[in-house]
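These notes concern the structure reproduced below.
Atom set for the values below is all heavy atoms of this structure, side chains included, hydrogens, waters and symmetry mates excluded. Every value quoted in this text rests on a predicted model; they were computed, and no experiment measured them. Residues take their numbers from the sequence shown, with the count starting at 1.
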Amino acid sequence: MIFKYTILYVDDVAASLEFFQRAFAFERHFLHESGEYGELATGQTKLGFSATDLLRQLGKNPQPPSPERPSFEIAFETEDVAGALTRALEAGATLVQGVREQPWGSRRPM
């Protein structure tokens with residue numbers, strides 16, 4: 001068994017793909033012609049994006065993300081945390097917390 005992909009539910013799949021391409025230099029793997037689903041190549045595991053409207057059509061009730069009530073975390077590994085953070089901010093990310101050293105040895109924006 002392999003871990004194939006993670007899917008984030010977003011309002012605008014194409015814009016989300018473009019952000020992650022600019023911010024983290026991932027390659028676009030796929031964008032469905034409907035614009036309601038797309039994937040980025042991130043190594044062995046794909047990072048997928050599904051339109052919230054598509055989920056509603058499937059009878060689901062996606063909720064908007066909130067920094068005060070996080071519901072997921074995705075982690076990317078890099079030797080240059082500061083550079084990656086700068087690129088993400090330049091691509092339009094919003095900094096919620098600064099970089100912190102974790103007790104288990106990782107250094108990451110929170």
- Task: Run the numbers on E36 and Q57 for side chain to side chain contact (heavy atoms under 4.5 Å, CB included), then give the verdict.
- Result: CA-CA 11 Å; E36 293 185 329; Q57 292 171 26; 3.6 Å; yes

- Message: In terms of relative ring orientation, are F76 and F24 parallel, tilted or perpendicular, with 30° and 60° separating the classes?
- Response: tilted

- Tell me, yes or no, whether the heavy-atom count around D12 atom CG, taken from other residues, nucleotides or ligands under 6.0 Å, exceeds 12. yes

- Taking atom CD of Q44 as the centre, does the number of heavy atoms from other residues, nucleotides or ligands within less than 6.0 Å exceed 12? no

- Query: Looking only at heavy atoms, which two atoms of A88 and A23 are closest? And how far apart?
  - Reply: CA-CB, 3.7 Å

- Which pair of non-hydrogen atoms, one from Y5 and one from F3, has the smallest distance, and what is that distance? O-CE1, 3.4 Å

- CG of L89 to OG1 of T94: how many Å apart, nearest 0.5 Å? 8.0 Å

- Work out which heavy atom in A14 is nearest to a heavy atom in L31; give both atom names and the distance. CB-CD2, 4.3 Å

- Task: Please check if the side chain of R28 supplies one atom and the backbone of L40 the other of a donor-acceptor pair under 3.5 Å.
- Result: no

- Kindly indicate whether the side chain of I74, heavy atoms from C-beta on, has any atom under 4.5 Å from the side chain of L8. yes

- Message: Using a 6.0 Å cut-off, check whether atom CZ of F30 has over 12 heavy atoms from anything other than its own residue.
- Response: yes

- Query: Going from CD1 on I7 to CG on L47, what distance comes out if it is rounded to the nearest 0.5 angstrom?
  - Reply: 9.5 Å

- At their closest point, which heavy atom of A84 faces which heavy atom of T78, and how far apart are they? CB-CG2, 4.1 Å

- Query: Per the side-chain contact (heavy atoms from CB on, under 4.5 Å) rule, which among T52, D53, L54 passes with P62?
  - Reply: T52

- Query: So, E27 side chain and A25 main chain: donor-acceptor pair closer than 3.5 Å or not?
  - Reply: no

- Message: Run F49 and Y9 through side chain to side chain contact (heavy atoms under 4.5 Å, CB included) and show every step you take.
- Response: CA-CA 6 Å; F49 298 87; Y9 303 128; over 6 Å; no

- Item | Flag, side chain of T45 to backbone of K4, donor-acceptor distance under 3.5 Å | no

- Query: Should V10 and Y37 be regarded as members of a common hydrophobic cluster, given that ILVMFWY residues are connected when their side-chain heavy atoms come within less than 4.5 Å of each other, either directly or indirectly?
  - Reply: no

- Is the shortest heavy-atom distance from the side chain of L85 to the side chain of D80 under 4.5 Å? no

- Step by step, would you call L55 with S50 a side chain to side chain contact (heavy atoms under 4.5 Å, CB included)? CA-CA 8 Å; L55 270 83; S50 180; 3.2 Å; yes

